[in-house]
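In this text, all values refer to a predicted model and were calculated from it rather than measured experimentally.
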Amino acid sequence: MNKKPNAKPDTNAPGPQPEPLRFFGTTWVAHDRGYGLRRAAVAAGSLTAAVAGVFVLRLAYEGLAIAQVGGFVNGLVLAMFAICTAMAFRKTWEGFTRRPADPSQEDALRGLKAIGFVGSLLAYFLRSLREAPGEHLLRTEYEAAASRHKSRRASRTGNPAARRNRR
């Protein structure tokens, strides 16, 4: 089968369809069509973006030092970025293994994740060293749906030709 790298799965096929992942499409299912290269590119890209983000934050911190805003403000800014980065890392990492219980709470944390973007990028980097970020969650859901579909099909017994037409 010769498909494009980001080709969508055949929606006419019977049974559950895999959900595409960002940057990976549905290549995570069979680890084909450049999956390994994509993982390497995602890992390198997220680490590069995290390093660039830290550099930008360093410039901002130096700007505060030049402005001589004081030690208290410098400490608050440093603490804010450290706390937001840690929380963003944790929430991003949790998002790779389970769906959020309350989507409205995830929307409320969007600003925190934006401030702690370095933590999200680092979580993305670390997860891409093992698998495509979010692959475990989607694989678990896809295999469960495929198993349910297979058991439903197996439970159908009898001759379909002998069934009465209901109109």
Checklist line | Residue pair Asp32 / Thr27: nearest heavy atoms and the distance that separates them | finding: O-CB, 3.3 Å
Next item on the list: Enter the distance from Glu143:CD to Leu138:CG here, rounded to the nearest 0.5 Å.
Entry: 11.0 Å
Item checked: Parallel, tilted or perpendicular, as decided by the 30° and 60° cut-offs, for the rings of Phe96 and Trp93 -> perpendicular
Next item on the list: Keeping the roles fixed (side chain from Thr92, backbone from Phe89), state whether a donor-acceptor pair exists under 3.5 Å.
Entry: no
Next item on the list: Kindly compute the distance separating CZ (Phe81) from CG (Leu57), expressed to the nearest 0.5 Å.
Entry: 5.0 Å
Check: Looking only at heavy atoms, which two atoms of Pro18 and Val29 are closest? And how far apart?
Finding: CB-CG2, 3.4 Å
Check: So if you build clusters from Ile, Leu, Val, Met, Phe, Trp, Tyr with side-chain heavy-atom gaps below 4.5 Å, do Met80 and Leu76 land together?
Finding: no
Next item on the list: Calculate, to the nearest 0.5 Å, the distance between atoms CD and CH2 belonging to Glu19 and Trp28 respectively.
Entry: 8.0 Å
Next item on the list: Check whether any side-chain heavy atom of Glu94 sits under 4.5 Å from a side-chain heavy atom of Arg90, and report yes or no.
Entry: yes
Item checked: Spacing of NZ belonging to Lys113 relative to OG1 belonging to Thr85, to within rounding of 0.5 Å -> 13.0 Å
Note to self: Please tell me whether Phe117 and Phe23 are part of a single hydrophobic cluster in this structure, the criterion being side-chain heavy atoms less than 4.5 Å apart.
What the structure shows: yes
Next item on the list: Search all heavy atoms of Pro103 against all heavy atoms of Ala101 and return the closest pair with its distance.
Entry: CD-O, 3.8 Å
Margin query: Tell me whether Glu62 is salt-bridged to Arg58, with the criterion being a basic N under 4.0 Å from an acidic carboxylate O.
Written below: yes
Checklist line | Co-membership, hydrophobic cluster, residues Leu129 and Val118, 4.5 Å side-chain | finding: yes
Checklist line | Residues Glu131 and Arg139 bridged, charged N to O under 4.0 Å | finding: no
Checklist line | Tyr35 and Phe24 aromatic ring geometry - parallel, tilted or perpendicular at 30°/60° bounds | finding: tilted
Next item on the list: Taking all heavy atoms of Leu21 and all of Pro133, pick out the closest pair and write down the distance.
Entry: CD2-O, 3.4 Å
Check: Say you draw a straight line from CZ of Arg152 to OG of Ser147; how long is it, rounded to the nearest 0.5 Å?
Finding: 10.0 Å
Notebook entry, point to check: Are Glu135 and Arg127 within salt-bridge range, i.e. N to O under 4.0 Å?
Noted result: no
Check: Between Leu109 and Lys91, which heavy-atom pair has the shortest distance, and what is it?
Finding: CD1-CE, 3.4 Å
Margin query: Same cluster or not: Val54 versus Tyr124, using hydrophobic residues (I, L, V, M, F, W, Y) connected whenever any side-chain heavy atoms lie under 4.5 Å apart?
Written below: yes
Checklist line | Note, Thr26 side chain near Arg33 side chain (heavy atom, < 4.5 Å) | finding: yes
Notebook entry, point to check: Got a second to check how far Leu122's CG is from Ser46's OG, nearest 0.5 Å?
Noted result: 8.0 Å
Margin query: In this structure, would Leu64 and Ile115 fall into the same cluster of hydrophobic residues linked by side-chain contacts under 4.5 Å?
Written below: yes
